[in-house]
Amino acid sequence: MSKIVSGFSKLTKQEKIKWVSTLVDDASTQATLVNQLAPPEKTQKIFDGLSENVISNYVLPFSVAPNFLINGKSYCVPMVTEESSVVAAAASAAKFWALRGGIQAEVLSMTKLGQVHFSWNGPKEDLLHIWDELLELFRVATKDLTKNMQARGGGIQKIELKDFTEVEPEYYQILVSFDTKDSMGANFINSVLERMADLLEDFVGSHPHLKAYQLEVIMAILSNYTPECIVRASVECDLTEDELPGCGHEESRTVAHKIHKAVRIAEIDPHRAATHNKGIFNGVDAVIIATGNDFRAVEACGHAYAGRNGQYTSLSHCELTDNKFKFWIDLPLAVGTVGGLTTLHPLAKLSLELLGKPNAEELMQIVAAAGLMQNYAALKSLVTTGIQHGHMKMHLSNIINHLEASTLETQAILDHFKDKKVSFTGVREYLAQLRQKTMG
Ligand code: MEV
């Protein structure tokens with residue numbers, strides 16, 4: 001049972017570990033906590049500074065998926081995921097499409113958004129009356145914050161007043177559009193919004209006519225829903241010449257037909273769409289995490305976008321005309337390649353170097369391509385062998401690791417389960433038999 005502790009944050013790291021260790025009984029779990037990875041002191045200091053009450057490091061596999069050909073340029077894509085088969089699937093789909101012209105990707109727009117939510121109990125006309133003056137004040141008062149961003153070609157793009165009083169009494173909003181160039185821009189956007197919020201309250205509160213009414217700022221914060229920060233990635237092939245991977249020519253048409261149907265199902269059924277999109281985020285998140293970006297923001301945005309028309313639907317689409325197969329994804333992605341974790345975390349830095357130090361637009365294309373490949377690979381498996389076939393192969397190697405089989409035992413297990421259903425109990429029992437035989 002957990003215990004209440006006061007002043008935990010003031011303890012040293014060792015003291016924190018000691019206290020947390022009292023919550024876990026198993027000695028080996030305690031040892032894991034204490035010994036978890038021992039990076040160089042300098043690196044550990046960076047990790048310790050990323051969050052609060054840090055007592056250890058939580059390690060995830062860092063993988064690469066080679067053979068991504070995007071807009072004619074080849075990439076070896078870094079992926080961080082704990083889920084087996086994800087990287088293998090992405091790499092195999094990427095290679096298949098690399099041999100068919102690769103993936104085409106383009107950024108359709110790069111606008112990020114922030115909001116100042118406030119209530120106002122006066123007439124709307126009074127707000128409109130001072131709006132132009134306010135706009136000018138906003139620009140002047142945020143100059144010191146926007147100067148650097150403007151020098152990089154970004155900054156505030158648009159400031160709009162939104163009236164929500166029909167759905168919520170006295171509720172208005174200032175919606176601000178930003179271009180944050182190669183940074184994700186969360187701190188920049190929030191700083192600008194908070195400055196605007198203060199100014200709005202001060203200005204209205206001291207205005208000779210308006211101060212008779214009440215304006216109350218509720219909050220000022222960026223919106224993680226950025227439907228105008230969109231990238232499209234697509235692949236296509238001619239079914240008269242090409243074959244879908246692992247299929248003969250005729251079979252290839254059947255597979256194309258089934259993938260097309262599978263996408264249609266995800267387009268019309270939210271239950272399937274959630275799983276379908278989860279598969280897309282298997283790829284997207286893995287690259288987002290590897291490059292030190294915010295996967296919660298990216299997921300929140302992607303799912304909000306998938307429900308933008310009132311029904312949750314597929315993020316990818318497919319077109320099958322005569323002999324042509326076309327498969328694409330439109331994905332809202334707010335990512336950065338400068339600032340934040342991208343320069344702090346050694347593996348995020350390495351990931352970006354591996355990708356040739358892309359700018360934000362290029363990274364958006366790479367991430368969307370990873371999502372598309374992941375989705376293609378999942379659908380291809382689902383409509384042919386079924387998903388368990390590939391999963392089980394990877395699952396088997398995890399089970400073997402878990403059971404600490406020797407090299408000889410591993411080979412025997414792999415041979416034995418080549419054409420059999422894999423289960424943890426099955427492998428454990430088979431290994432026990434093997435060991436008994438060896439002992440006997
Ligand atoms: C598993 O992590 C992802 C899949 O379920 C995706 C899908 O069903 O499309 C295989």
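Keep in mind the model is a prediction, meaning the values are calculated, not measured. In what follows, every heavy atom counts, from backbone to side chain, and hydrogens, waters and symmetry copies are set aside.
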* To do: Show your reasoning for whether side-chain contact (heavy atoms from CB on, under 4.5 Å) applies to T226 and T111.
  => CA-CA 7 Å; T226 52; T111 300; over 6 Å; no
When rounded to the nearest 0.5 angstrom, what is the spacing between [atom1] in [X] and [atom2] in [Y]?
X	Y	atom1	atom2	value
H117	I174	NE2	CD1	10.5 Å
L372	I280	CG	CD1	8.0 Å
L363	T337	CG	OG1	6.5 Å
Q374	T81	CD	OG1	8.0 Å
I218	S119	CD1	OG	4.0 Å
C76	L354	SG	CG	5.0 Å

Are more than 12 heavy atoms, taken from residues, nucleotides or ligands other than [X], located less than 6.0 Å from that residue's [atom1] atom?
X	atom1	result
D198	CG	yes
K349	NZ	no
L50	CG	yes
E166	CD	no

Check [X] against [Y] and note the closest heavy-atom contact, atom names and distance.
X	Y	result
F325	C318	CE1-SG, 3.5 Å
P227	L113	CD-CD1, 4.2 Å
F138	M196	CE2-O, 3.4 Å
L347	F62	O-CE1, 4.0 Å

* Yes or no on ring pair (Phe, Tyr, Trp, His ring centres under 6.0 Å) for F188 and F178, after CA distance, side-chain angles and deciding distance? -> CA-CA 10 Å; F188 165 69; F178 296 89; 5.8 Å; yes
* Structure fact -> Sorted by chain and number, sequence neighbours left out, side-chain contact (heavy atoms from CB on, under 4.5 Å) with T43 holds for P39, P40, F47, P346
Test your reading of the model: is there a side-chain donor-acceptor pair from [X] to the backbone of [Y], 3.5 Å cut-off?
X	Y	answer
D179	K181	yes
Q173	L161	no
N277	T313	yes
S74	I70	no
E236	F327	no
S314	E267	no

* Determine, step by step, whether S351 and M79 satisfy the side-chain contact (heavy atoms from CB on, under 4.5 Å) criterion, reporting the C-alpha distance in whole Å, the side-chain angles of both residues, the deciding distance to 0.1 Å, and the verdict. => CA-CA 9 Å; S351 295; M79 298 178 83; over 6 Å; no
So do [Y] and [X] actually touch side chain to side chain, heavy atoms under 4.5 Å?
X	Y	value
C301	P332	yes
I156	V176	yes
V235	Y376	no
D202	L200	no
E170	W120	no
L127	F118	yes
I159	W131	yes
T343	V338	no

Do the side chains of [X] and [Y] get close enough for a salt bridge, i.e. N-O under 4.0 angstrom?
X	Y	result
D163	K124	yes
E160	K162	yes
K18	E15	no

Which residue pairs satisfy the side-chain hydrogen bond (donor to acceptor under 3.5 Å, both in side chains) criterion with at least one member in [range], sequence neighbours excluded?
range	answer
residues 394-406	S406-E409
residues 280-300	K278-N282, T291-N293, D294-R296, E299-H303
residues 358-368	N71-Q365, K73-E362, Y75-E362
residues 137-152	D144-R195

* N375 and S316: CA distance, side-chain angles, deciding distance, side-chain hydrogen bond (donor to acceptor under 3.5 Å, both in side chains) verdict -> CA-CA 8 Å; N375 191 213; S316 66; 2.6 Å; yes
* Would you call the rings of Y171 and F164 parallel, tilted or perpendicular, where under 30° means parallel and over 60° means perpendicular? -> parallel
* To do: Take F281 and V298 through the side-chain contact (heavy atoms from CB on, under 4.5 Å) test and state the conclusion after the steps.
  => CA-CA 9 Å; F281 281 106; V298 165; 4.0 Å; yes
* CA sep, side-chain torsions, deciding dist, call: V20, F8, side-chain contact (heavy atoms from CB on, under 4.5 Å) -> CA-CA 10 Å; V20 174; F8 185 74; 4.0 Å; yes
* Determine, step by step, whether D48 and Q44 satisfy the side-chain hydrogen bond (donor to acceptor under 3.5 Å, both in side chains) criterion, reporting the C-alpha distance in whole Å, the side-chain angles of both residues, the deciding distance to 0.1 Å, and the verdict. => CA-CA 6 Å; D48 288 355; Q44 186 59 55; 2.7 Å; yes
* **Set of residues satisfying ring pair (Phe, Tyr, Trp, His ring centres under 6.0 Å) with respect to F68, sequence neighbours excluded** => none
